[in-house]
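Letters A, B, ... mirror the listed sequences (proteins, then strands); counts begin at 1.
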2 protein chains.
Amino acid sequence: MITPDERVDPTGPEPPYQQIAEVIRRRIASREFPPNTRIPTESDLVETFEVARTTVRRAVKLLREEGLVRTVPQRGTYVAG
Amino acid sequence: MITPDERVDPTGPEPPYQQIAEVIRRRIASREFPPNTRIPTESDLVETFEVARTTVRRAVKLLREEGLVRTVPQRGTYVAG
DNA sequence: GTGTATTTGTTCGTATGTATC
DNA sequence: CGATACATACGAACAAATACA
């Protein structure tokens, strides 16, 4: 569940896509998103954070570049094992 | 039949998916698509309006949210009774 | 009963145009 | 101007269930 303090603040110091990446990072660190499981779809994240899909994709791209997740086309994005 | 004035105008003020929803809405209102009958398949609508399936689905989703139609997986989309 | 076609569901990839800061 | 964000659209691939020959 996304708690209030994890919602995106468009007026905050960090851009939304970084805030979203940070939320997902914590989910992974806390094992709420365990290794090798799929994280929510882009559509889900769009609804959860109420942002555009491009913003969600940017956040996920960040995590991918950090090696925290891997994305499989037409399948989803998975937490690194 | 889709008359010329009901074709989608990509340059119009309203996006294609809204225009398509409006066309179907009129078909329902005029009883050309009577209650409890199936509306054309997504593939049919794709050919008729010459748009992508995602666009058709978006239009139908709108109608579904309005309660005008209900979609049955693997069956089709039906006009609300 | 079997295999194929149909039809909607899901999900990511990509591109374009507009707006805002 | 560049980075960010939003809305829209097209495409592709595959899943799953139903319909049909």
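- Residues A:Tyr17 and A:Ala59 approach most closely at O-CB, 3.2 Å, considering heavy atoms.
- Residues from residues 59-67 of chain A placing a heavy atom under 4.0 Å of any atom in DNA chain C do not occur.
- Proximity of residues 38-45 of chain A to DNA chain C (heavy atom under 4.0 angstrom from any strand atom) is restricted to A:Arg38, A:Thr41, A:Glu42.
- When atom types are taken as modelled, the side chain of B:Gln19 and the backbone of B:Asp9 share a donor-acceptor pair closer than 3.5 angstrom.
- Going from atom CD of B:Gln19 over to atom C1' of D:dT8 covers 12 Å, rounded to whole Å.
- Between A:Thr55 and the phosphate of D:dC6, there is a side-chain N or O to OP1/OP2 separation shorter than 4.0 Å.
- Counting heavy atoms from C-beta on, the side chains of A:Arg57 and A:Lys61 never come closer than 4.5 Å.
- Listed by first and then second residue, the salt bridge (charged side-chain N to carboxylate O under 4.0 Å, His left out) pairs that reach into residues 12-24 of chain B are B:Glu22-B:Arg25, B:Glu22-B:Arg26, sequence neighbours excluded.
- Here chain B contacts DNA chain C (any atom closer than 4.0 Å to a heavy atom, that is under 4.0 Å), and the contacts span C:dT7 to C:dT10 from 5' to 3'.
- Residues A:Arg58 and A:Thr54 have side chains not in contact (no heavy-atom distance under 4.5 Å, counting atoms from C-beta outward).
- Between B:Arg70 and B:Asn36 there is a side-chain heavy-atom pair separated by less than 4.5 Å.
- A donor-acceptor contact shorter than 3.5 Å is absent between the side chain of B:Thr37 and the backbone of B:Phe33.
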* If a protein heavy atom is under 4.0 Å from the base, mark B; if only from the sugar-phosphate, S; if neither, -; do that for nucleotides 15-21 of chain D going 5' to 3'. => SBBSS--
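- Hydrophobic clustering of Ile, Leu, Val, Met, Phe, Trp and Tyr side chains at less than 4.5 Å, counting indirect connections, unites B:Val46 with B:Val23.
- Residues A:Ala21 and A:Leu63 come closest through the heavy atom pair O-CD2, 3.7 Å.
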Using atom types as modelled, flag every donor-acceptor pair under 3.5 Å from a side chain in residues 72-81 of chain A to any protein atom, sequence neighbours excluded.
| unit_1 | atom_1 | unit_2 | atom_2 | d |
| --- | --- | --- | --- | --- |
| A:Thr77 | OG1 | A:Thr71 | OG1 | 2.8 |

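- Annotation: side chain of B:Val8 is not in contact with side chain of B:Glu50 (no heavy-atom distance under 4.5 Å).
- The side chain of A:Tyr17 has D:dT4 as its nearest neighbour among D:dT4, D:dT8, D:dC6.
- A continuous path of Ile, Leu, Val, Met, Phe, Trp and Tyr side chains, each step under 4.5 Å between heavy atoms, connects A:Leu45 with A:Ile20, placing both in one hydrophobic cluster.
- Contact annotation for B:Thr71: backbone-only contact, meaning every heavy-atom pair under 4.0 Å involves sugar-phosphate atoms and none involves a base.
- Rounded to an integer number of Å, the gap from A:Phe49 CZ to D:dA5 P is 13 Å.
- Residue A:Pro16 is the one, among B:Gln18 and A:Pro16, whose nearest nucleotide of DNA chain D lies closer to the 5' end (criterion: closest heavy atom).
- When rounded to the nearest whole Å, the span between CD of B:Glu50 and C1' of D:dC10 equals 14 Å.
- Residues A:Val69 and A:Ile28 form a side-chain contact, since some pair of their non-hydrogen atoms from C-beta on lies under 4.5 Å apart.
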